[in-house]
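Working notes, structure below.
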2 protein chains.
Amino acid sequence: MDASVVLDPVDLHLLRLLQNDARTTYRDLAARVGVAPSTCLDRVARLRRSGVILGHRLRLDPAKLGRGLQALLSVQVRPHRRELVGPFVERVRALPEARTVFHLTGPDDYLVHVAVADMADLQRLVLDEFTSRREVARVETRLIFQQWECGPLLPPGHAES
Amino acid sequence: MDASVVLDPVDLHLLRLLQNDARTTYRDLAARVGVAPSTCLDRVARLRRSGVILGHRLRLDPAKLGRGLQALLSVQVRPHRRELVGPFVERVRALPEARTVFHLTGPDDYLVHVAVADMADLQRLVLDEFTSRREVARVETRLIFQQWECGPLLPPGHAES
DNA sequence: CTTGAAAGACACATCCG
DNA sequence: CGGATGTGTCTTTCAAG
């Protein structure tokens, strides 16, 4: 299911272009990669079918949406058993403030990336949704000064922008 | 520049639909929101101009690209001064394994989300690109068991999927 | 697997309420 | 600001190489 997929240079070129702008037309893709538009369509469809491309996401500015403050919450869930952590994750994912949830190795079981309006909002979120829960043993809050997205994700050995 | 923007229910509805599938046509958007296609075009163009929509991103499966192992690296950069941390961040961002870099409050200055092929690859990355650097005082590596993307990012008070 | 042409769908501008 | 109409462009299909 998550086996690696064979990607030829055309696929890689398409992925690199689409990661810069996922709305590039098949016509432009074709011109830049050097194949026919219909071939592009076929290749991209195949990449979607094989699961390499999971979907197209809109990148939004949290600050413009009234969520100018972001933070990472390290959460210990005790006891760390399936019947507790399953509902915990689902509840956290459903929070409108949550962006990503990581299940990690190490003493802090979960890392939750949240976007809130301000400090008061963050305090409310931590108190009401985390520390007040019985299964949450400990929460550590770190504010995000700044964050950078990195270059396009590509297979090892093709480390070019 | 990052002031909050006024969004009416139509804008919110459009954003919600586009976050599920950013390639939805204006025609379909119009039908589902209940306005004319040209209005959709106008609204989305305005959302782009006002900076709410930053761009369109492809969501890829790291495992399918031969990067089945992900980790978070907590990095202390000492001394934590501009002339050191600027180049540090740029160098890390340029790594093909890096996905996101966070500058945080707290004892760990940076959190780096990386995607690698396997444990050997991760070990090489940590040793060659982090701990061997003079400005890197400490690196703590946590593996990612699993990660969940959360619901669409929307302004406070509109917490609906 | 790729291509090129044909048909249909769409984006976008313009005009109008 | 929202809705209709038109034109040029793009996407998508298909038969053929």
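Just so you know, these numbers come straight off a predicted model, no measurement behind them. Note on naming: letters A, B, ... go to the chains in the order of the sequence lines (proteins, then strands), and numbering restarts at 1 for each one.
- Classified by interplanar angle (parallel below 30°, tilted 30° to 60°, perpendicular above 60°), the ring pair B:Phe102/A:His113 is perpendicular.
- A donor N or O paired with an acceptor N or O is found under 3.5 Å between the base of C:dG4 and the side-chain atoms of A:Ser38.
- The pair A:Asp8-A:Arg43 meets the salt-bridge criterion, with a side-chain N (NZ, NE, NH1 or NH2) lying under 4.0 Å from an Asp/Glu carboxylate O.
- A heavy atom closer than 4.0 Å to some atom of DNA chain C occurs in B:Arg27, these being the qualifying members of residues 27-36 of chain B.
- The interatomic distance linking B:Leu14 (CG) with D:dC1 (P) rounds to 14 Å, in whole Å.
- Ion pairing of B:Asp108 with B:Arg138 is present here, as a side-chain N (NZ or NE/NH1/NH2) and a carboxylate O approach within less than 4.0 Å.
- Comment: B:Asp11 does not engage B:Arg46 in a salt bridge, judged by the lack of any side-chain N to carboxylate O separation of less than 4.0 angstrom.
- Between the CZ atom of B:Arg23 and the C1' atom of D:dT12 there is a distance of 12 Å, rounded to whole Å.
- A distance of 5.0 Å separates CG in A:Leu18 from CG in A:Leu29, rounded to the nearest 0.5 Å.
- With respect to the salt-bridge test (charged N to carboxylate O, under 4.0 angstrom), the residues A:Glu149 and B:Arg93 do not qualify.
- B:Leu15 pairs with exactly one of B:Val10, B:Val44, B:Leu154 by the side-chain contact (heavy atoms from CB on, under 4.5 Å) rule, that one being B:Leu154.
- With rounding to whole Å, B:Leu41 atom CG is found 15 Å from C:dA9 atom C1'.
- The CZ atom of A:Arg48 sits 14 Å away from the C1' atom of D:dT11 (whole-angstrom rounding).
- One finds a side-chain N or O of B:Arg43 lying less than 4.0 angstrom from the OP1 or OP2 phosphate oxygen of D:dG2.
- Recorded end-axis angle for the helix from C:dC1-D:dG17 to C:dG17-D:dC1 stands at 30°, based on five pairs per end and rounded to 10 degrees.
- With rounding to whole Å, A:Tyr26 atom OH is found 16 Å from C:dA11 atom C1'.
- B:Gln123 CD: 12 or fewer foreign heavy atoms inside a 6.0 Å radius.
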